[in-house]
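Report on one structure; see the data block that follows.
In what follows, chains are A, B, ... by sequence order, proteins preceding strands, each numbered from 1.
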Amino acid sequence: GTEPLNHDEL
Amino acid sequence: MNIFRLTGDLSHLAAIIILLLKIWKSRSCAGISGKSQILFAMVFTTRYLDLLTAYISLYNTSMKIIYIGCSYATVYLIYAKFKATYDGNHDTFRVEFLVVPVGGLSFLVNHDFSPLEILWTFSIYLEAVAILPQLFMISKTGEAETITTHYLFFLGLYRALYLINWVWRFYFEGFFDMIAIVAGVVQTILYCDFFYLYVTKVLKGKKLSLPA
């Protein structure tokens, strides 16, 4: 996809 | 957020603070691999670039800033403030053997071929192996100060707790990040030998020293 991926972990 | 993720993050924070305090209180970074600390600073820098592009939560933002700040402070203490105590002769791991293959792999195996995503992937792969210069240094000198072993224990515990977090998230949220999981498993395996020594020696009050 063109949306940036959400990395919610640290 | 589940309890394993939270305790994992706190364990990671504990490791970082233990190392900073050890260096600050003893005014010495003897036995600490500056190379591993530079790699960790690179890990945090390349992973948390999304601080500029995405907001997840106050917790997420604060922890990222604390991790980055502490890792740069640690590098500063080792290479500037307490440089005279830095044991460079024993810190001889060739980091290019980690950074170059990890850089190549992050271009080849990633979720999305975009600059931020490739840098995120690079940080995940690099973190998995960033402790190797430190473990190499300990194997070279044959010993580690007890406080250094506590640092390593919390750093390894953090990744082990993240593994449980991923099992939890898979079952309860359907969340599954193959790149993070494989790198996390590799990272945790690298600590197994150390965990064994920590439990059999350090927790019984003995100093961690390896047989000659």
Subject >> Residue B/Asp9 versus chain A: region with a heavy atom under 4.5 Å >> reply: side chain

**OP:** With chain A as the partner chain, list the residues of residues 153-173 of chain B whose heavy atoms fall under 4.5 Å from it, by residue number, and write 'none' if nothing qualifies.
**Re:** B/Tyr162, B/Asn165, B/Trp166, B/Arg169

**OP:** Measure the shortest side-chain to side-chain distance between B/Phe175 and A/Glu9 over non-hydrogen atoms and say whether it is less than 4.5 angstrom.
**Re:** yes

**OP:** Return yes when atom OH of B/Tyr55 has more than 12 non-hydrogen atoms of other residues, nucleotides or ligands closer than 6.0 Å, and no otherwise.
**Re:** yes

Original post:
So which part of B/Phe44 gets closer than 4.5 Å to some heavy atom of chain A, the side chain, the backbone, both or neither?
Top reply: neither

**OP:** Measure B/Phe113 against the heavy atoms of chain A and call it side chain, backbone, both or neither at under 4.5 Å.
**Re:** neither

**OP:** Indicate yes or no: at least one non-hydrogen side-chain atom of A/Leu10 is less than 4.5 angstrom from one of B/Arg47.
**Re:** no

Subject >> A/Asp8 side chain vs B/Ile56 backbone, donor-acceptor pair below 3.5 Å >> reply: no

Original post:
What's the shortest heavy-atom distance between B/Lys64 and A/His7, and which atoms?
Top reply: NZ-O, 4.4 Å

Side-chain polar contacts of residues 90-98 of chain B - donor-acceptor pairs under 3.5 angstrom, sequence neighbours left out - could you list them?
residue: B/His90; atom: ND1; partner: B/Asp87; partner atom: OD1; Å: 3.3
residue: B/His90; atom: ND1; partner: B/Asp87; partner atom: OD2; Å: 2.9
residue: B/Asp91; atom: OD1; partner: B/Ser33; partner atom: OG; Å: 2.8
residue: B/Asp91; atom: OD2; partner: B/Ser33; partner atom: OG; Å: 3.4
residue: B/Asp91; atom: OD2; partner: B/Gly34; partner atom: N; Å: 2.9
residue: B/Asp91; atom: OD2; partner: B/Lys35; partner atom: N; Å: 3.1
residue: B/Asp91; atom: OD2; partner: B/Tyr86; partner atom: OH; Å: 2.5
residue: B/Thr92; atom: OG1; partner: B/Lys140; partner atom: NZ; Å: 3.1
residue: B/Arg94; atom: NE; partner: B/Glu96; partner atom: OE2; Å: 2.7
residue: B/Arg94; atom: NH2; partner: B/Glu96; partner atom: OE2; Å: 3.0

